[in-house]
Structure formats: C-alpha cells, structure tokens
Amino acid sequence: MNIRIFNTLTKKKEFFETVEPRKVRMYVCGPTVYDSSHMGHARSVVVFDVIVRYLQNQGYEVTYVRNFTDIDDKIINRAKELGIDTKELAEKYIKEFYEDMDALNVRRATLEPRATEHIGDIIQVVQKLIEKKMAYPLDGDVYFSVESFKEYGKLSGRKLEDMEAGARVAVNERKRNPFDFALWKSAKPGEPAWESPWGKGRPGWHIECTAMSSSLLGETIDIHGGGKDLVFPHHENEIAQSEAAFGKNFVRYWIHNGFVNINQEKMSKSLGNFLLIKDIIKIYLPESIRLFLLSNHYRSPIDFNEKAMEEASGALEKIYTFLERVEDQPGMPGKSDKETGHLWQQFCDAMNDDFNTAQGLGVLFSAVRNLNRILDESGDQLSHEDWEQIKAGYSDVLEIGDILGIFKQSPKSYFEQKRQKGLKDEAIDPKLIEKMVDERTEARKAKAWTKADKIRDELLDMNIILEDRADGTVWKYND
RNA sequence: GGCGGCAUAGCCAAGUGGUAAGGCAGCGGUCUGCAAAACCGCUAUUCACCAGUUCGAAUCUGGUUGCCGCCUCCA
C-alpha cells in the first residue's frame, strides 16, 4: 500500500503520506456555476472521483470537499444578461451540474460548500492578512500583496520579476504590484453584496477556496486538486493567501488534470467547440464516456473525437460481453466472491503509480482476454481449477469497475438499454425485429441459407447484428 | 518575452536505466451452414533527430527539430 502521486509543487512523484494516518483531507476546485458543464469539467470530476474511490478502497477515510463558486464577475454578468438574480442563476447551474454528474455516475463529495455560505470565514481570513500586513485595503477593495509572500510563484515556477517583463496583466496603477490580486471587491450599485469591514462587497475568486478549505478541512490538507489551468494564478494565489494567513504549509500534494481537446483543438468559446456533458450523454453511454476519460493518464491531454468514443464504447461492450458470458455459465453463483485476486493486485500496482488508469485498463483487457480463452478452451466442462480462475477474475473485473465507476449495471440491462436506445434512434418497432429473427430461425432450420442470410443483411442495414448462439439467436444494436 | 509539457507501430496509448503492456484497425487461422462473438498467430530489432554518460537508455545529460499548454475567465 504505497501510493505515489505526482506533486505539481515538487514536479516529482512522491510517496503519499497523510497528515493523519489513514485519513485524507482533500479539496478539489469545483465549477463556477454560470453555465452548463462541459467535457473539461467531466474529466476533472471523474478523475478525482476515481481517486477518491481508490483511496477509500485502500482503507483511507476520505473527507472530500468540492466547492461551488456561486458568486463572481461571470455570474454577475450572466445574471444581468438574463435579467435574473445571481442566486437564481447559480441554483439553476448547480442543479444541472448534479444532473450531469449523476448521469456520469460521479459520487457526491463529502462536503459541497458554496462560496456565499462562507462569507464570514472569508472576511476573517482577509482580516488576518491585513493584520499581518500581507494585504491592504484600497477604496473598498482589499488586495493581497504578492511581494509580501516570499515564496510567491513556487507552484507555477514563476518569478515575479520574470512575469513583469512580459506582463500581460491590465495595469492598475493603484496596486502596489501588478500581480496583487483582489481578496475583496467593493460592490457597484445593484450588485450582490455583503457587509464587511471595508464596506459592502463580495469576495475575490481565490479567497473562497482558502476560507472553505481551512474552515472545513484544517489549515494543512493532504490533497488539493483541479485542472491544470488553475495552477496559475488560482492555486498559486491560494498558497500565498493560506500560508500567509496561517503560517503553515497549505497543501501536501497538488494534483492537476490535463485538458480535453476536441478534434485536436482546445475547447474554447471563440472556436464554438465547447461540448456540453448534457449533449454528449445523449449520444454516448455515460460509462463509455468515463472509460474514454480514464483511457489516458490524468495528467496528459486527451482528444475527444468520434473515433476515440467509438473505441471506448467498443471496449465497454467487450467487457460487458465477457461479464454476460460468465454470468450465463451454468452454476454461476453470482457476485458472491468478495476475495480479490491476482488481477486486482496488478490493477492496484497501476493505480499506486500516480493513479495510472490507462495502465490499469491494460491489465483489465488482457485479463478479459485470458479469461475468455479459458472459457473457449474448456468448452462446456470447466475444470474446478478453471472455474476458480473465472470466478476470481470475474469478481476482480467487477471490483475494478467499481473503482472506475463502470459496469454499474448488469450485462443484461446494459444490452437491453443499448437495444432500446438503438430502436429509438432508428425508430424501429422491436416486434418487427423479433418477427424477422423468427423467420430467419425457421429458414435456418429448413437450411434455406439464402433466405436466412437475406434477412440478416436486412437487419444489418438497420444496424442490428445477430449472434447465433447455442441456445438461440441474440440480436444487438450496433452503434 | 517568461514558464512548463509532449514526441513510442496505420491510429489511440502504458512504460523514467535491464532489453517495447493494452486497445482499435489490418492480415492469416480456429469456431460457424456462412456470419457474429470469442480465441490463436502475425504486424515497432525499435521509441522525432544528433551527440554524450553507462556493461546496458524509449527511459539519464546536452543540443536540434516539431507540436501543445499556461502567463486574461477557464477543468
């Protein structure tokens, strides 16, 4: 049980040691709820969902906090456009976020705080920073002074001097340093605002995470995660605020996931290629999407495209086919076997190495192939030894699926679901298919192969694939 | 301009010092009336290029080329 994690702070894989034995305090930056969630959100959320599942499986008690940023400029602007208040807007997208994530079989975090629920904590941290002279009020705003924090830049590997050279930040003459960032922003008329020692206003973006992390998890936590894009400035600023305020190491392990590209392009509003989760799940099964997202190492970029999704769907089906095959074995005792075997251990080896799900999937597929071979070779009389291997493999596959958040349904319902979806997409009456399959069965009995093959071809045109098994013909939808 | 990442077969993708996982596609085969599914075999003497360290490098060092990301809201 020696997990190694790539720490963005040290740029090295380090053995995972928690502050408190067997307990993990973990914070992951959640969405700013001003718009629907896209595939990038899906990746981040799924990756950390898998990490939490694995840590729990390995015996850690995980307190997992994932926040909602429910107040900020983007929310204010969007609400203004729509003519609704910010709270209403935030609620709408929080609800959507849950719908998307439930569909993707993402478990809820232990705590899911909202920035607006922690205004008091935020004000306290800001005050503390002012007292320590590491922040300064300015006309109702409060800024963090980056120069006061000597280690500023340690996460992103930047130096203030270097950045100033090629500065692309809008210069605000009033700030002491162009990189000073707002902890508190004064409210313009009509904007949502909270009372504070500096007048009415709202928190800056970065401070909420410091406040919520420290108040819910403590001043030093084990893991802080998020997308790579958050390294600078968001997480850099969080470190500065937190370590300045509390005088302690803020985070032990920083974990950042890579981007999702769309057909080799970065997702961006300007390119108009933002793929929303709610649209993607209309086309692909959520489990296929999870499998796709986990098929690359979490730190590498991943390219979303039709071919990749078809491969992921095919891979999912391959494993469901195996599971169904095992469950159809006479004498299959169901999922009783809880003992984990060789395969599970190999999967853990992959996961222990910086949560290498891509390698873990390799283990899974080669195991499925081996187990299928055993089934092929033994025909209908499985030896005791073979049967033990199959049972152990089967339960390991399910255990792995549990970590990855796939194979949640039975193979029967998976295939049924696919058939239903196919019929709906193609607008086909299932009775027609049953009728054609029956006709073909009759033709085959009469050895009228030409007729039988003609029916099969007709079904194929409807994307229906037939499998003639020993106990009858089964049809599947081919997407 | 500053900082960082990546380059492995037709495609996707693991592998950070010990002689190239896995998936898809392709070809050949087993099975099948024929298929489908499944399985077996074949498919990178080689890991962008050049030099170096080493008994040994895809893995380490230096350089070259190409692609990408961050530095502005962003998962």
In whole angstrom, give the distance that lies between atom CG of A:Asp73 and atom P of B:C73.
9 Å

Could you tell me whether A:Val47 contacts a base, only the sugar-phosphate backbone, or nothing, with contacts defined as non-hydrogen atoms closer than 4.0 Å?
nothing

Apply side-chain contact (heavy atoms from CB on, under 4.5 Å) to A:Arg369 and list each qualifying residue two or more places apart in sequence or on a separate chain.
A:Ser366

Rounded distance in Å - CG (A:Leu104) to P (B:A75):
16 Å

Nearest-angstrom distance from the residue atom CG of A:Leu361 to P of B:G23:
11 Å

Check every strand shown and say whether A:Gly258 touches a base, only sugar-phosphate, or nothing at a heavy-atom separation below 4.0 Å.
base

Using Watson-Crick or G-U wobble geometry with both distances below 3.5 Å, tell me the partner of B:U46, or none.
none

Is A:Phe259 touching bases, backbone alone, or none of the nucleic acid, heavy atoms closer than 4.0 Å?
base

Whole-Å distance, A:Lys154 NZ to B:C71 C1', equals 20 Å

Let me spell it out: for each of A:Ser44 and A:Val363, pick the nucleotide of RNA chain B with the closest heavy atom. Which residue's pick is nearer the 5' end?
A:Val363

Check nucleotides 8-14 of chain B for protein N or O atoms closer than 3.5 Å to its own N or O atoms and list the pairs.
unit_1 : atom_1 : unit_2   : atom_2 : d
B:C11  : O2'    : A:Lys307 : NZ     : 3.1
B:A13  : OP1    : A:Asn296 : ND2    : 3.2
B:A14  : OP1    : A:His297 : N      : 2.8
B:A14  : O3'    : A:Asn356 : ND2    : 2.7
B:A14  : O2'    : A:Gln359 : NE2    : 3.4

According to salt bridge (Lys or Arg N to Asp or Glu O under 4.0 Å), who are the partners of A:Glu112, at least two apart in sequence or on a separate chain?
A:Arg66

What integer distance in Å separates A:Met267:CE from B:A75:C1'?
8 Å

Please determine, for B:G18, whether a Watson-Crick or G-U wobble partner exists with both distances under 3.5 Å, and give it or none.
B:C55

Roughly how many Å apart are B:G15 and B:G28, using the P atom of each and rounding to a whole number?
34 Å

Which part of the nucleic acid does A:Gly40 contact within heavy-atom distance under 4.0 Å: base, sugar-phosphate only, or nothing?
base

When rounded to the nearest Å, what value does the distance between C1' atoms of B:A21 and B:U8 take?
12 Å

With a 3.5 angstrom cut-off on both distances, give the Watson-Crick or G-U wobble partner of B:C39, or none if there isn't one.
B:G29

Counting primed atoms plus P, OP1 and OP2 as sugar-phosphate and everything else as base, spell out the protein contacts along nucleotides 25-40 of chain B at 4.0 Å heavy-atom distance: B, S or - for each nucleotide, 5' to 3'.
--------BBBBSBSS

A:Trp344 backbone acceptor or donor facing A:Asp396 side chain under 3.5 Å:
yes

A:Lys11 has an atom NZ; how far is it from atom P of B:C3, in whole Å?
12 Å

Can you find a pair of side-chain heavy atoms, one from A:Trp475 and one from A:Ile465, that are under 4.5 Å apart?
no

Let me know which of A:Arg108, A:Lys95, A:Arg107 forms a salt bridge (Lys or Arg N to Asp or Glu O under 4.0 Å) with A:Asp102.
A:Arg108

Atom P, compared across B:U43 and B:G22: separation rounded to whole Å:
13 Å

Under 3.5 Å between N/O atoms: give me all the protein pairs with nucleotides 16-19 of chain B, atom names plus distance.
none

Nearest-Å distance for atom pair CD/C1', residues A:Glu208 and B:C73
14 Å

Among A:Val52, A:Leu55, A:Leu217, A:Asn7, which residue satisfies the side-chain contact (heavy atoms from CB on, under 4.5 Å) criterion with A:Ile223?
A:Leu55

Mind running ring pair (Phe, Tyr, Trp, His ring centres under 6.0 Å) on A:Phe68 and A:Phe97 for me, showing each step along the way?
CA-CA 10 Å; A:Phe68 288 109; A:Phe97 178 84; 5.3 Å; yes

Under 6.0 Å from the ring centre and within 45 degrees of the ring axis: does the NZ or CZ of A:Lys476 meet both conditions for the six-membered ring of A:Phe415?
yes

Who is the Watson-Crick or G-U wobble partner of B:A75, with both distances under 3.5 Å?
none

Taken in chain and number order and not counting sequence neighbours, the residues that satisfy salt bridge (Lys or Arg N to Asp or Glu O under 4.0 Å) with A:Glu310 are none

Distance, P atom - from B:C6 to B:G17, rounded to whole angstrom
15 Å

Row check, A:Tyr477 ring normal vs A:Lys418 NZ/CZ: under 6.0 Å, within 45°:
no

pair A:Asn296-A:Arg43: side-chain heavy atoms closer than 4.5 Å:
yes

What integer number of Å spans the C1' atoms of B:A36 and B:U16?
43 Å

Any chance you could measure A:Leu155, atom CG, to A:Phe250, atom CZ, to the nearest 0.5 Å?
10.5 Å

Length of the NZ-C1' vector between A:Lys228 and B:A75, whole Å:
12 Å

Base, sugar-phosphate or nothing for A:Leu364? Non-hydrogen atoms, less than 4.0 Å.
nothing

Taking a pair to mean Watson-Crick or G-U wobble geometry with both distances below 3.5 Å, B:G4 pairs with B:C68

Take atom P in B:C12 and the same atom in B:A48, then report the distance between them in whole Å.
14 Å

With a cut-off of under 6.0 Å to the ring centre and 45° to the axis, is A:Arg202 in cation-pi contact with A:Trp184?
no

Distance, C1' atom - from B:U65 to B:G26, rounded to whole angstrom
32 Å

If we take the P atom in both B:U45 and B:C40, what is their distance in whole Å?
23 Å

Ring of A:Phe232, cation from A:Arg158 - is the NZ or CZ under 6.0 Å from the centre and inside 45° of the axis?
yes

